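If you're wondering where the values come from, they're calculated on a predicted model, not measured in any experiment. Hydrogens, waters and symmetry mates are skipped; everything else that's a heavy atom, side chains included, is used. So you know, we letter chains A, B, ... as the sequences are listed, proteins then strands, and number each from 1.
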Number of protein chains: 2
Amino acid sequence: MNSKPFLNTVLSPRLLDLYDISNTVVVIIDVFRATSTIATALYNGAAKILPVDSVPRCIELGKITGGITAGERDGKVVEGLQHGNSPAEYTRSFIEGKTLVLTTTNGTKLLHMALERGASEVITGSFPNLTAVCNYLVKANKNVILGCSAWKDKFNLEDTLFAGAVIQRIKEHFTIHCDSSLMAENMYTLHQHDMYSFIRNTTHWHRLAAYGLEKDLEYCVTPDVANVLPLYDNGALVVAAE
Amino acid sequence: MNSKPFLNTVLSPRLLDLYDISNTVVVIIDVFRATSTIATALYNGAAKILPVDSVPRCIELGKITGGITAGERDGKVVEGLQHGNSPAEYTRSFIEGKTLVLTTTNGTKLLHMALERGASEVITGSFPNLTAVCNYLVKANKNVILGCSAWKDKFNLEDTLFAGAVIQRIKEHFTIHCDSSLMAENMYTLHQHDMYSFIRNTTHWHRLAAYGLEKDLEYCVTPDVANVLPLYDNGALVVAAE
C-alpha cells in the first residue's frame, strides 16, 4: 500500500515557514474576499488575473497590460485603483476577456510568500469554487497545504471554515496529523448548516458589514457558484485545464 | 455603564506580538504538560517554581538555589536535569517546601516572551487549576490574553480547549471581538463531555503516548484537581494570595 500524501492547514501567514512546502500544492484561502473574487472573475471569463502585492505595482502593471486595476486595503477600494475587491463587480459583461490586476490586504501577500518559499503549485480556494479545489487536490495526489490568509496575520474563522470544508470532503485521500486540520474540520461540521448566521459572529463580518457588504459576504460562503480552478502560472492566475 | 475589559486568545507564540499586552493579564497555557505540572507542584506545597528558558540556566539556578532541576525537550527528560515534566512526579511528600527550577519546550518560552513584552501580570493556566484562573480573571477586571504555548509554534488543540473552557465560564465579564476566542469556545463546548477520548486525536497525544504517558495526559485535562493560582512575581511562580 502506498502511503497517502500529507495535508496540513496553516492558520496564519506567520506560521507558513514552520512547514516544508516544496513538492506541495499550496491552496491560498482568503474567503472575505480576494479568492472568492478571483474565482468569480475567472468563472465569468476573465483572461487572467495578475496578483500583486503593492498598489504602485498594481497601477504600473495596469498601464503595461491594459488591464483593470483593482484592490482593497482594510476592506476599502484603494485610491488610484479602478475597482474594488467585491466579487459582485466582476460580472461576465464587465470582465470577459479582460486582464485583472489585483492587490489585497492578505490574500496576495500569502500567495507571494508561498511562491518565494518554493511551493510546487499554487492555486486559490474559496467556497464559490470548493468542488473544483477538492477535485484538483485529489487528482494531483501530492502533499497539500491549506493556507489561510487570515487578517493582518491574526487567525480568522472564514478561512478556517473553508479549510474544514475541503478536509471534510477529501480527508480519506490524505494523511492528516495536524491539529489545525482537525479543528478546521470540526468547526465546519459544526456550522455547515448555519453558515449565513454563523459568519455574522466573525470579526471580519463586523468590519465589512459596516460598509454594507452583507450580500457580498453571503455570496462568499456559498459553495460552487463559480466553480473553476485558478492556478498560478508564470505570473498570472488562469483557469487550470481539466 | 462601564465598558468591559477585552479578552483575546493567542493561538501561537508567533502571534503574540500582534497584540498590545500592556495593562493586560497574560495567562500562559501549556496543558501538555508544563502548566499542569506547575499547578500541581504548587498545589502540593512547592515553595516556588523558577521557570527558565534554557537547560544550562536550569542547572545553574539549581546549584544556586538548592532547588530541584526539572524539564523536558521534545517530551523527554533532559540529560543533566534531575526530573521531568510529569505532574505525577510532584507529590506532596516529594515537593512540599522545595524550590523547583523548570524548563520546558514551549510554556517557559511563551512566559518569558510575555514578560519581555511588558505584560502587567503573568499567571499560568491548565485544567487542574481552571476555576482558580477564572476566579482570578473576573476579580482582576483587566484586559486578558489567553496565551497558548502551542508546539514549536504550531497550533495545538489542548491549549485551545483550555482557552475555550475559560471563555465559556467568564465571557459575560469581557468584551470579546476575537475569532480565536470564538473558535476556542466552540471547540470546548463541542468536546467538553468527551475530553478523554477526543484528546486521543491530537498530535501531542500521539507524541507523548509513545512514552507511555496516557494517565498523565488524562490528568492534564481534568478540571480543578490542583486548584491554585500560580502568579509570576520577581522571577518565580508562587501561589497568589486569595
Does any heavy atom of chain A fall under 4.5 Å from the side chain of B:Leu18, the backbone, both, or neither of them? both

Distance-only donor-acceptor pairs under 3.5 Å across chain A and chain B:
residue	atom	partner	partner atom	Å
A:Arg14	O	B:Arg14	NH1	2.8
A:Arg14	NH1	B:Arg14	O	2.8
A:Arg14	NH1	B:Asp17	OD1	2.8
A:Arg14	NH2	B:Asp17	OD1	3.3
A:Asp17	OD1	B:Arg14	NH1	2.8
A:Asp17	OD1	B:Arg14	NH2	3.3
A:Leu157	N	B:Asp179	OD2	2.9
A:Asp179	OD1	B:Thr203	N	2.9
A:Asp179	OD1	B:Thr203	OG1	3.3
A:Asp179	OD2	B:Leu157	N	2.9
A:Asn186	OD1	B:His191	NE2	2.5
A:His191	NE2	B:Asn186	OD1	2.5
A:Thr203	N	B:Asp179	OD1	2.9
A:Thr203	OG1	B:Asp179	OD1	3.3

Answer with side chain, backbone, both or neither: which region of B:Leu11 has an atom nearer than 4.5 Å to a non-hydrogen atom of chain A? side chain

Tell me, side chain or backbone of A:Leu157 under 4.5 Å from chain B's heavy atoms, or both, or neither? both

